[in-house]
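Notes for the one structure printed next.
Hydrogens, waters and symmetry mates are skipped; everything else that's a heavy atom, side chains included, is used. One-based numbering along the sequence shown.
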Amino acid sequence: QVQLVESGGGLVQAGDSLRLSCTASQRVFNNLAVGWFRQAPGKEREFAAVISGSGHGTSHADSVQGRFTISRDRAKNLVYLQMDSLKPEDSATYFCAAGASLSRDISSFNSWGQGTQVTVSS
């Protein structure tokens, strides 16, 4: 397992942008697939986006496709989630997670961060 730390959340208005960051101190982080999941109050945690260890493979949930973009900077040990055209329904706690393979399945990830709050006002 790796220790993941998210940052970049905040309170914004509908239509604004935010960029979330996920990092880990362990070098193995660069070899792992990293996913972003989100959880709104009273709802289950849901997949948002995932990127492969190489950075060449990505997948985004239909609900964020075209608005969110996942990327990684291997030199800096960082994975980003660029969120544009934010909507109130995007409000949630966003978690990054690391796993062995590119997957949308939450059970494929065995390392999780503490989460960062994103609130989008209308």
Side-chain angles (χ1 to χ4, degrees):
Q1 292 189 344
V2 295
Q3 303 299 315
L4 304 176
V5 178
E6 304 97 334
S7 62
L11 172 62
V12 297
Q13 294 186 332
D16 285 351
S17 297
L18 276 176
R19 188 177 74 167
L20 306 183
S21 299
C22 175
T23 191
S25 59
Q26 297 96 327
R27 294 183 65 181
V28 68
F29 178 73
N30 270 346
N31 296 326
L32 299 174
V34 176
W36 285 98
F37 293 79
R38 64 186 185 181
Q39 187 168 20
K43 294 188 177 181
E44 293 186 354
R45 194 169 297 188
E46 65 175 11
F47 167 78
V50 63
I51 190 166
S52 64
S54 68
H56 296 313
T58 63
S59 180
H60 297 78
D62 290 346
S63 58
V64 307
Q65 183 74 45
R67 299 188 299 119
F68 292 10
T69 304
I70 191 169
S71 62
R72 71 190 306 162
D73 186 331
R74 293 169 57 84
K76 297 181 179 179
N77 240 32
L78 283 166
V79 171
Y80 302 106
L81 185 66
Q82 178 67 41
M83 305 187 297
D84 298 321
S85 302
L86 282 161
K87 304 175 181 180
E89 51 263 43
D90 294 319
S91 297
T93 301
Y94 283 71
F95 300 87
C96 70
S101 60
L102 189 70
S103 174
R104 295 184 170 207
D105 188 346
I106 196 169
S107 65
S108 297
F109 297 86
N110 57 10
S111 296
W112 290 83
Q114 294 299 307
T116 185
Q117 180 66 39
V118 172
T119 303
V120 184
S121 64
S122 58

S107 side chain to D105 side chain, donor-acceptor N/O pair below 3.5 angstrom: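 There is such a pair (donor and acceptor under 3.5 Å, judged by atom type) between the side chains of S107 and D105.
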Quick check for you: to the nearest 0.5 Å, what is the distance between [X] atom [atom1] and [Y] atom [atom2]?
| X | Y | atom1 | atom2 | value |
| --- | --- | --- | --- | --- |
| S111 | Q26 | OG | CD | 8.0 Å |
| N30 | R72 | CG | CZ | 5.5 Å |
| S7 | Q114 | OG | CD | 13.5 Å |
| E44 | E46 | CD | CD | 9.5 Å |
| E6 | C22 | CD | SG | 5.5 Å |

Counting C-beta onward and ignoring hydrogens, is there a side-chain heavy-atom pair between S63 and R38 closer than 4.5 Å?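 Contact flag for S63/R38 side chains = yes.
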Could you pull out the closest heavy-atom pair between [X] and [Y], with the gap in Å?
| X | Y | value |
| --- | --- | --- |
| G57 | S54 | N-OG, 4.5 Å |
| S17 | S85 | OG-N, 4.3 Å |
| T58 | G55 | CG2-O, 4.4 Å |
| A24 | Q3 | CB-O, 3.2 Å |
| A14 | S122 | CB-CA, 4.4 Å |
| A49 | H60 | CB-CD2, 3.7 Å |

Please say which of D90, D84, D62 ends up in a salt bridge (Lys or Arg N to Asp or Glu O under 4.0 Å) with R67.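 So, applying the salt bridge (Lys or Arg N to Asp or Glu O under 4.0 Å) to R67 and each of D90, D84, D62, only D90 qualifies.
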In the hydrophobic clustering that connects Ile, Leu, Val, Met, Phe, Trp and Tyr at side-chain heavy-atom distances below 4.5 Å, which members other than F95 occupy its cluster, ordered by chain and number?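 Result for F95 is F37, F47, V50, L102, I106, F109, W112.
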Considering only Ile, Leu, Val, Met, Phe, Trp and Tyr, and joining two whenever side-chain heavy atoms are under 4.5 Å apart, list the other residues clustered with L86.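 Its cluster partners, ordered by chain and number, are V2, L4, V12, L18, L20, V28, F29, L32, V34, W36, I51, V64, F68, I70, V79, L81, M83, Y94, V118, V120.
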What residues form a salt bridge (Lys or Arg N to Asp or Glu O under 4.0 Å) with E89, not counting sequence neighbours?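 For E89 there are no salt bridge (Lys or Arg N to Asp or Glu O under 4.0 Å) partners, ignoring immediate neighbours.
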Is there a donor-acceptor contact under 3.5 Å from the side chain of Q117 to the main chain of G9?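 It does not hold such a pair.
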Main-chain N/O of Q82 paired to T69 side chain as donor or acceptor, under 3.5 Å: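 Between the backbone of Q82 and the side chain of T69 there is no qualifying donor-acceptor contact (under 3.5 Å).
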